[in-house]
*Asks:* 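Starting off with a structure, shown below.
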Amino acid sequence: MELFTPDFGLIFWMFVAFGILFLILWKFAWPAILKGVDDRAELIDKGVEYAQAAKEQLDNARQEAESYLNDARRQQADMLREADKMKTQIIEQARSAAQIEAQKVMDNAKLQIQQQQKEAQQQFRNQVSDFAIQIAGKIMQTKMQDDKAQNALVDTMLDEIEKNRK
C-alpha cells in the first residue's frame with residue numbers, strides 16, 4: 001500500500017522538481033512555444049489573407065473576363081450586323097448594276113434589230129425596184145418597138161419634169 005500512499009518527503013521533492021521544471025519551462029520553453037504558436041497563427045492569418053486576396057483577384061478576373069466576353073460578343077454581333085448590311089448593299093448594287101447592264105444590252109439589241117430591219121427594208125426596196133425596173137424594161141421593150149411610141153413616151157416624161165420644176 002505504500003505505492004498508493006506516498007511519503008511527505010516524496011511529495012515535497014516532487015513539488016520542488018515540478019516547480020524548478022515549471023520555472024525553467026516558463027522562462028525558456030514557454031516563450032519559444034508562445035512564439036512558435038504566434039508565428040504559426042500569424043502564418044495562418046497571412047495564408048487566410050492571401051487566400052482572400054487570391055479569391056478577390058479571381059473574382060475580379062472572372063468579372064473582367066466576363067466583361068471582355070460580353071464586349072467580344074457585342075462586337076461580334078455588331079460585325080455580323082454590319083457584314084449583313086454590307087452583303088445586302090453589295091447584292092443590291094450588283095442587282096442594280098446587272099439591271100443597268102441588261103438594259104444597255106437590250107437597248108443595243110433593239111438598235112441593232114432596228115438597223116437590221118432598216119437594212120432589210122432597204123434591200124427589199126432595192127430588190128423590188130430592181131425587179132420593177134427589169135419588168136418595166138421588158139414591158140417597154142415589147143411596147144416600144146415602134147418609134148412613134150418611144151417619142152410619145154419621151155415627150156410625156158419631159159412634160160412631167162417641166163411641171164415638177166415649176
Side-chain angles (χ1 to χ4, degrees), residues 25 28-166:
L25 287 176
F28 297 109
W30 189 252
I33 291 171
L34 286 179
K35 185 177 185 267
V37 169
D38 287 342
D39 289 345
R40 180 73 177 150
E42 187 177 319
L43 181 66
I44 290 172
D45 288 342
K46 285 182 182 178
V48 168
E49 288 175 10
Y50 176 75
Q52 287 176 346
K55 183 179 182 282
E56 288 176 9
Q57 287 178 350
L58 181 62
D59 290 341
N60 288 339
R62 281 186 184 148
Q63 289 174 351
E64 194 173 317
E66 190 67 31
S67 69
Y68 285 142
L69 283 173
N70 289 337
D71 287 344
R73 287 182 185 128
R74 194 174 326 110
Q75 287 177 354
Q76 179 187 18
D78 291 343
M79 286 179 180
L80 287 174
R81 266 190 246 105
E82 189 167 327
D84 190 41
K85 285 179 186 177
M86 288 176 65
K87 177 187 79 166
T88 305
Q89 186 179 18
I90 289 170
I91 288 172
E92 287 300 320
Q93 287 175 350
R95 200 175 276 154
S96 65
Q99 286 176 346
I100 290 170
E101 190 64 31
Q103 188 63 37
K104 285 180 184 178
V105 169
M106 291 294 289
D107 291 342
N108 285 339
K110 285 179 184 178
L111 285 174
Q112 287 178 352
I113 289 171
Q114 288 175 355
Q115 287 174 351
Q116 288 175 356
Q117 283 178 342
K118 286 180 182 177
E119 288 174 6
Q121 287 174 352
Q122 188 64 36
Q123 284 179 346
F124 182 71
R125 285 181 185 159
N126 289 341
Q127 287 177 354
V128 168
S129 64
D130 286 342
F131 286 138
I133 290 173
Q134 287 176 1
I135 292 170
K138 287 181 181 179
I139 292 173
M140 291 303 272
Q141 279 180 353
T142 57
K143 284 190 175 183
M144 295 292 182
Q145 287 182 354
D146 66 17
D147 288 335
K148 287 183 186 179
Q150 287 179 0
N151 286 334
L153 180 63
V154 170
D155 288 339
T156 54
M157 290 184 109
L158 288 174
D159 289 340
E160 284 179 20
I161 290 174
E162 285 179 13
K163 285 181 187 177
N164 287 336
R165 283 190 187 176
K166 290 182 183 179

*Asks:* Can you measure from CG (Leu69) to CD (Gln76) and round to the nearest 0.5 angstrom?
*Replies:*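 Leu69 atom CG to Gln76 atom CD measures 11.0 Å (nearest 0.5 Å).
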*Asks:* Give, for atom CD of Gln103 and atom CG of Asn108, the distance between the pair rounded to the nearest 0.5 Å.
*Replies:*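 Between atom CD of Gln103 and atom CG of Asn108 there are 10.5 Å.
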*Asks:* Flag the pair Lys46 and Glu42 as a salt bridge only when some basic side-chain nitrogen lies within less than 4.0 angstrom of an acidic carboxylate oxygen.
*Replies:*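 Yes, charged N to carboxylate O under 4.0 Å.
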*Asks:* I'd like to check Arg95 versus Ile91 (side-chain heavy atoms, cut-off strictly below 4.5 Å). Are they in contact?
*Replies:*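 Yes. Closest side-chain heavy atoms under 4.5 Å.
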*Asks:* Can you find a pair of side-chain heavy atoms, one from Gln89 and one from Glu92, that are under 4.5 Å apart?
*Replies:*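 Gln89 does not reach Glu92 side chain to side chain.
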*Asks:* Which distance, rounded to the nearest 0.5 Å, do you find between the CE of Met86 and the CE of Met79?
*Replies:*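 It comes to 12.0 Å.
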*Asks:* Step by step, work out the side chain to side chain contact (heavy atoms under 4.5 Å, CB included) result for Glu101 and Lys104.
*Replies:* CA-CA 5 Å; Glu101 190 64 31; Lys104 285 180 184 178; 4.3 Å; yes
*Asks:* Tell me whether the count of non-hydrogen atoms from other residues, nucleotides or ligands lying under 6.0 Å of CD in Glu82 goes above 12.
*Replies:*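 Result for CD/Glu82: open.
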*Asks:* How would you list, by chain and number, every residue that makes a side chain to side chain donor-acceptor pair (under 3.5 Å) with Asn126, sequence neighbours excluded?
*Replies:*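 Asn126 satisfies side chain to side chain donor-acceptor pair (under 3.5 Å) with Gln122 only.
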*Asks:* To the nearest 0.5 Å, how far apart are CD in Gln121 and CD in Gln116?
*Replies:*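 Rounded to the nearest 0.5 Å, the CD-CD separation comes to 12.5 Å.
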*Asks:* Any chance you could measure Tyr68, atom OH, to Arg73, atom CZ, to the nearest 0.5 Å?
*Replies:*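 With rounding to 0.5 Å, OH (Tyr68) is 15.0 Å from CZ (Arg73).
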*Asks:* Determine, for Asp84 against Lys87, whether the closest basic-nitrogen to carboxylate-oxygen distance falls under 4.0 angstrom.
*Replies:*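 So Asp84 pairs with Lys87 through a salt bridge.
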*Asks:* Hey, what do you get for NZ (Lys118) to CD (Gln123), rounding to the nearest 0.5 Å?
*Replies:*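 Answer for the NZ-CD pair, Lys118 versus Gln123, is 15.0 Å.
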*Asks:* Considering the options Lys110, Gln115, Gln117, which one meets the side chain to side chain contact (heavy atoms under 4.5 Å, CB included) requirement together with Ile113?
*Replies:*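 That would be Gln117.
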*Asks:* For Lys35 and Asp38: C-alpha separation, side-chain torsions, deciding distance, then whether salt bridge (Lys or Arg N to Asp or Glu O under 4.0 Å) applies.
*Replies:* CA-CA 5 Å; Lys35 185 177 185 267; Asp38 287 342; over 6 Å; no
*Asks:* Does the distance from a Lys or Arg side-chain N to an Asp or Glu carboxylate O, for Lys55 and Asp59, drop under 4.0 Å?
*Replies:*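 Salt bridge between Lys55 and Asp59, a charged N being under 4.0 Å from a carboxylate O: yes.
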*Asks:* Side chains of Glu64 and Asn60: any donor to acceptor distance under 3.5 Å?
*Replies:*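 No, no side-chain donor-acceptor pair sits under 3.5 Å.
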*Asks:* With sequence neighbours left out, write down each residue that passes side chain to side chain donor-acceptor pair (under 3.5 Å) with Asp39, or none if nothing qualifies.
*Replies:*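 Counting only residues at least two positions away or on another chain, Asp39 forms no side chain to side chain donor-acceptor pair (under 3.5 Å).
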